[in-house]
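All remarks here apply to the structure that follows.
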Amino acid sequence: MIATMSEPTLHAEEFTVDELAQRANMTVRNVRAYASRGLIDPPRLEGRTGYYTLAHLQRLQLIRQLLDRGFTLAAVEDAILRSPTTAPGHALELMTLLETGDDADDPSVLMPRADLAALAGVPQDDELIDALVDLDLIEKVDDTMLRILDPAVVRPGAAAVALGLSPETVIGAVPLLREHLGVAARYLVHRTSEEIVQPFLDEGLPEQDWPRVFGAVEELLPIASQVMLAIFRSELRASIETEIGDKLQQMGD
DNA sequence: CTTCTTACA
DNA sequence: TGTAAGCA
């Protein structure tokens, strides 16, 4: 009915760059910059002007959230390019897990023994070092240098010690977490194998579909991680309420 | 007049 | 990331 000449967009859910940028609270310049880095899909082109959809908007909003959380553009880029088909929320959680996103392949890093002790806020202790070595979390390089094999575990662990937990408690948590999370991990992998991989093997294995199956399995990693994290968090909160809440209440009495 | 690209700062 | 020039 109404055909205003200034509004060629009759598809209700499509925007021009300008509208897109506005809704995402970004400048057009940055929208284009992200687009040029492949962070958003190319728009539907009509002549020379592009028309963007809600999917584009959501992607930009995700980028903004991650940027606002303090991640570098490079890290955001890495996260998005890694899991293109994963829902935006999952990618966000994935980034939180990966922290930086870059050193996911070989995270090991060299650190003087004194530095590790400083991070934990405790005096240097050979026994603690040995305990970490036994857990395959670090390696002895020489008398003064350590190789941190799993910084994602060691760094927060040191932080926990710095906050007042005993090193023994923190170190003791590692085998405990490995054991219990390992059960859940093996269960999920087993079910994935049975329900996703096996059917493809059974029905004749069209070779060209393998990348897709493999991709699906890969993408389950961040999704499962997110669920694990959410459940663990709620368990932590529940424990805090009962255990610590009770003690505080007793103090009040 | 707007979109897009490229280039520069 | 902003600004500008040239183009469709």
Side-chain angles (χ1 to χ4, degrees), chain A residues 1-111 115 119 148 150-156 158-159 208 211-212 214-216 218-223 225-226 229-230 233:
Chain A
M1 301 225 70
I2 38 122
T4 52
M5 309 207 315
S6 59
E7 199 121 5
T9 334
L10 295 180
H11 301 274
E13 51 274 291
E14 285 191 322
F15 329 109
T16 64
V17 252
D18 212 273
E19 294 168 327
L20 184 71
Q22 275 192 307
R23 301 204 189 208
N25 282 308
M26 289 177 182
T27 62
V28 173
R29 171 68 175 84
N30 283 331
V31 172
R32 295 199 195 287
Y34 301 149
S36 73
R37 290 173 189 243
L39 299 187
I40 64 177
D41 292 330
R44 178 178 69 85
L45 280 177
E46 193 169 297
R48 195 193 187 187
T49 77
Y51 291 95
Y52 301 81
T53 68
L54 212 63
H56 294 106
L57 213 209
Q58 288 169 338
R59 172 76 106 220
L60 287 176
Q61 286 170 337
L62 169 67
I63 293 172
R64 263 213 59 202
Q65 288 181 70
L66 292 173
L67 254 22
D68 289 346
R69 280 198 181 192
F71 293 109
T72 66
L73 184 59
V76 173
E77 199 172 330
D78 194 60
I80 288 179
L81 297 184
R82 255 174 222 260
S83 49
T85 67
T86 306
H90 295 151
L92 200 157
E93 291 301 329
L94 172 62
M95 279 310 300
T96 305
L97 280 175
L98 294 182
E99 293 291 329
T100 73
D102 273 339
D103 46 40
D105 289 336
D106 179 23
S108 91
V109 64
L110 291 175
M111 182 183 291
D115 284 16
L119 276 181
I148 311 299
D150 200 340
V153 171
V154 174
R155 280 205 203 99
Q208 58 197 32
R212 199 177 66 71
F214 198 73
E218 281 288 298
E219 299 223 0
L220 281 172
L221 184 73
I223 293 173
S225 300
Q226 181 191 0
L229 191 59
R233 271 183 182 146

| request: Could you grab the distance from atom CG of A:Leu57 to atom OH of A:Tyr52, nearest 0.5 Å is fine? | output: 12.0 Å
| remark: In the 5' to 3' direction, the nucleotides of DNA chain B bounding the stretch that comes under 4.0 Å of a heavy atom in chain A are B:dT3 to B:dT5
| Hey, which of A:Gln58, A:Glu14, A:Arg44 is the one that makes side chain to side chain contact (heavy atoms under 4.5 Å, CB included) with A:Thr53? | A:Glu14
| Gap separating the NE2 atom of A:His56 from the CD atom of A:Gln61, nearest 0.5 angstrom | 13.0 Å
| task | Give one of base, sugar-phosphate or nothing for A:Gly50, where a contact means two heavy atoms less than 4.0 Å apart. | result | sugar-phosphate
| request: Hey, could you give me the CD1/CZ distance between A:Ile40 and A:Arg59, rounded to the nearest 0.5 Å? | output: 9.0 Å
| task | Enumerate, in order of first residue number, the stems that involve DNA chain B, defined as 3 or more consecutive Watson-Crick or G-U wobble pairs with both distances under 3.5 Å. | result | B:4-9 with C:1-6
| said: For nucleotides 1-8 of chain C, give me one character per nucleotide, 5' to 3': B if any protein heavy atom sits under 4.0 Å from the base, S if the only such contacts are to the sugar-phosphate, - if neither. | reply: BBB--BBB
| query | Looking only at atom types and distance, does a side-chain atom of A:Gln226 sit under 3.5 Å from a main-chain N or O of A:Ile223, one as donor and one as acceptor? | reply | no
| said: Tell me the closest heavy-atom pair linking A:Pro156 and A:Pro151, and the distance in Å. | reply: CD-O, 3.5 Å
| said: Once rounded to the nearest 0.5 Å, what's the spacing between atom CZ of A:Phe15 and atom CD of A:Gln22? | reply: 11.0 Å
| said: Rounded to the nearest 0.5 Å, what separates atom CZ in A:Arg32 from atom CG in A:Leu20? | reply: 10.0 Å
| field | Audit row: A:Val76, A:Leu67, side-chain contact (heavy atoms from CB on, under 4.5 Å) steps and yes/no | value | CA-CA 7 Å; A:Val76 173; A:Leu67 254 22; 3.6 Å; yes
| query | CD1 of A:Ile63 to CG of A:Asp68: how many Å apart, nearest 0.5 Å? | reply | 11.5 Å
